[in-house]
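What's counted below: heavy atoms across the whole structure, side chains too, no hydrogens, waters or symmetry copies. Letters go in sequence order (proteins before strands), and every chain restarts at 1.
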Protein chains: 4
Amino acid sequence: MPKIVDEQMREATRRKILREAAREFARLGFDQANINLIAEQAGIGKGTIYLYFENKRELFLAMLRTIAQTQLGTVRAALAEAGTLEQRLARLFLAFARLAEEDSDSFSVYMSALYGVNRAFQAEATRLLRDYLAVISLVLEQGQANGEIQSDDIEASSLLVLSLTESYILSARVLDWPEAEITNRAEAIAHTIIQGLAPKPTVT
Amino acid sequence: MPKIVDEQMREATRRKILREAAREFARLGFDQANINLIAEQAGIGKGTIYLYFENKRELFLAMLRTIAQTQLGTVRAALAEAGTLEQRLARLFLAFARLAEEDSDSFSVYMSALYGVNRAFQAEATRLLRDYLAVISLVLEQGQANGEIQSDDIEASSLLVLSLTESYILSARVLDWPEAEITNRAEAIAHTIIQGLAPKPTVT
Amino acid sequence: MPKIVDEQMREATRRKILREAAREFARLGFDQANINLIAEQAGIGKGTIYLYFENKRELFLAMLRTIAQTQLGTVRAALAEAGTLEQRLARLFLAFARLAEEDSDSFSVYMSALYGVNRAFQAEATRLLRDYLAVISLVLEQGQANGEIQSDDIEASSLLVLSLTESYILSARVLDWPEAEITNRAEAIAHTIIQGLAPKPTVT
Amino acid sequence: MPKIVDEQMREATRRKILREAAREFARLGFDQANINLIAEQAGIGKGTIYLYFENKRELFLAMLRTIAQTQLGTVRAALAEAGTLEQRLARLFLAFARLAEEDSDSFSVYMSALYGVNRAFQAEATRLLRDYLAVISLVLEQGQANGEIQSDDIEASSLLVLSLTESYILSARVLDWPEAEITNRAEAIAHTIIQGLAPKPTVT
DNA sequence: AATGAATGAGAATTCATTCAT
DNA sequence: AATGAATGAATTCTCATTCAT
């Protein structure tokens, strides 16, 4: 069974490279990041990296894709649990806050790709954005079916939810607000959204 | 008084450099942008740029500061006009949308600085963020005084407003939504915010 | 006797490598040729090539030697048949023309080794040159014995014959002359040589 | 007049680079030659070379062109002087011998380009070959007009002359024949050619 | 003050070769 | 014997910055 062991080794190395790449790219950005250093920190020769990724650009894209998968999984899990719409939106907020905190390398590398100037990177990052919107749309639709909110444009509302959630956390971090301060706002933010999207009172 | 003429010339050249720098940095990002090209497009010699800015980094920072001043002026003007809080927030949204559209170079260079990995650039960009928050806070305080909203943490609410506004526009643009679609949402967004921050009904 | 079978296999593999090497070296030259590609096209593993040849350089030299043997065989055969000296020199010319056409990979790899800058390769290629000269010298000596030509320096005359023959074909090919045009000159060239080396008329 | 001085300086530097390039390329061939080393030996910074030549390949081609001009000039001069056809062909031979001896770097770099595998280089080198043929054709035509030779295909005869001359010298050098031995053959070779191309005796 | 020629640090990538399996 | 994953030396070219004019 050397095949399976080899395959596992290969996968482990690949993951190690991606992890170190995320760290390096988060620290310095795409252009300043040094492939040699990534290889070194991954404990492999600098030529070896090219056995796993065609070039620097492809490494970056592969890393973006990996990050996207992980983050989308986390967000999906957060929204999967039952509860009122407000509770679920609060969990969404907390999920993002946790991502930003615990996997801040990935988070910042993602944001810089999304809002940076490199079109190829932006396109890849936008894919995750769309996935987020799809997931949130589903939740909002359920909320609408339950009469919790009322929206004539679910996609626009989803973008409202996502923008607010993501950007709030991001900005708060940039402003150096303490982590607790951020997570404490989860319920208030969720409440604001629900209020904002509240169904119009029906006349009897 | 040739002194004044010289001074004016110098200022004109400086501005020209900054304008071309914004274009180039927006197009390629800090690292890929080429100083020689900026000089060429500004109609000056390669070496001359260093008589105006210490180095590439300082040029970028000076450009960020210039952009910040311009944008803050626009936003201030939008919020200065009278009207209900909802109207003013809608105008804020539209002001950002216009900035993103009409001065997209500056806008994108700013966003990539804010969400990018370079700490020095982020710090500079954060300054504008704080200025925005201060301006919005003022407006919200007035709204609170008028009973239009009710917030126990004006700064947090300001961040909510700013995050939502800025990120909504940014994301919509990344998603390639048509400009009209974006500006059309101004009132709905403003309305949502007002609803979300609505004062609790007082029991009589 | 599995020994013999093994030996045959080994020899077959060796020959396959040499054939693919000639193709690759002819296509790209020594430096640009890729050992991995040669191995791949020979249907063996990258490492295997080093069980047959010490390194890239030795592979190239071995290939040169193989080519030399083949080409010398062809030329010898062409000169072996009976006929007047003029007929034999015309056959020599045609033999070279055929080599250049039918085994152009080998021919071009050889010429670039001979006229290239790598001393080790040039030395190896020169060996074939000397062998050619020896063969031609023999033929000229016979021609002299028969009174067909008259030369006070057979070696120099051999070089004259070889230079003219080889270089004429090579240059004509570089100039993109059609193959037929080249072979058509065989007799004229042979005739010119014979005339040029004609014995001085003896006074009676 | 700093313009003229600058222009002279620039031209001098350019020539120095080309000279060192010829040396380096002759020593190691195109691929093994090191741009940094060429710059160093030319006494300039390694970036400077790129102010004069776009890249390594263009440097090589420029060098080939320079060599071609020089060599063609030498050959033209050799053939320009009056004399019998035989004398002129002997001078042609000697001119090539001198080029091969005194400017052996250029000579070998040229030969390896002509017979090497790089099509771009070969095309450039072939141009010189054609120029040589044109010059020799002119001379042969004059010889024919004078009744010194008789050829039904001047171009083919020119190639015969050139191939023999060039290749004889080249091969003799590869075979390590002493220089004197080579130059001594000039008249014999010229004589052989004239004999070989001798007009058919007319019957009276 | 303005210029642009010259510089050289720096980094991605290739590929011959090794060696554990 | 055969393999191919891993290695790292080696090299071209770019571009921010300097400085003599």
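Taking a 6.0 Å sphere around CD of Glu58(D), one finds it holds more than 12 heavy atoms contributed by other residues, nucleotides or ligands.
Listed nucleotides dT7(F), dT17(F), dT13(E) differ in distance to Lys56(A); the shortest reach to its side chain belongs to dT13(E). Side-chain proximity of Arg10(A) to dA2(F), dA1(E), dA6(F): nearest is dA6(F).
Across all strands shown, Phe53(B) has no heavy atoms under 4.0 Å from either base or sugar-phosphate atoms. Using a 4.0 Å heavy-atom cutoff across all strands shown, Asn55(C) reaches sugar-phosphate atoms only and no base atom. Base contact: Leu51(B) has a heavy atom under 4.0 Å from a base atom. Within 4.0 Å of Ala39(B), counting heavy atoms only, lies no atom of the nucleic acid at all.
The nucleotide dA1(E) finds no pairing partner, because no Watson-Crick or G-U wobble arrangement with both distances shorter than 3.5 Å includes it. dA16(F) and dT7(E) make up a base pair, with Watson-Crick or G-U wobble contacts both under 3.5 Å.
The residue among Glu54(B) and Gly45(C) whose nearest nucleotide of DNA chain F lies closer to the 5′ end is Gly45(C). Two residues, Gly47(C) and Asp31(D), neighbour DNA chain F, and the one matched to the more 5' nucleotide by heavy-atom proximity is Gly47(C).
Contact annotation: the side chain of Tyr50(B) approaches that of Ile35(B) to within less than 4.5 Å [non-hydrogen atoms, C-beta and beyond]. When side chains are defined from C-beta on, Leu37(D) counts as touching Arg27(D), because their heavy atoms get closer than 4.5 Å.
The nearest whole Å value for the distance from the CD1 atom in Ile49(B) to the P atom in dC15(F) is 15 Å.
Considering only side-chain N and O atoms, Asn36(C) lies nowhere under 4.0 angstrom from the phosphate OP1 or OP2 of dC15(E). A close approach under 4.0 Å does occur between a side-chain nitrogen or oxygen of Asn34(A) and OP1 or OP2 of dA12(E). OP1 or OP2 of dA2(F) lies within a sub-4.0 Å distance of a side-chain N or O belonging to Tyr52(C).
Evaluated for a side chain to side chain contact (heavy atoms under 4.5 Å, CB included) with Ile38(C), the options Arg19(C), Glu24(C), Lys56(C) yield exactly one hit, Glu24(C).
For the pair Arg10(A) and Tyr52(A), the cation-pi criterion (under 6.0 Å, within 45° of the ring axis) is fulfilled.
Within 3.5 Å, no donor on the side chain of Lys46(C) pairs with an acceptor on the base of dA2(F), nor the reverse.
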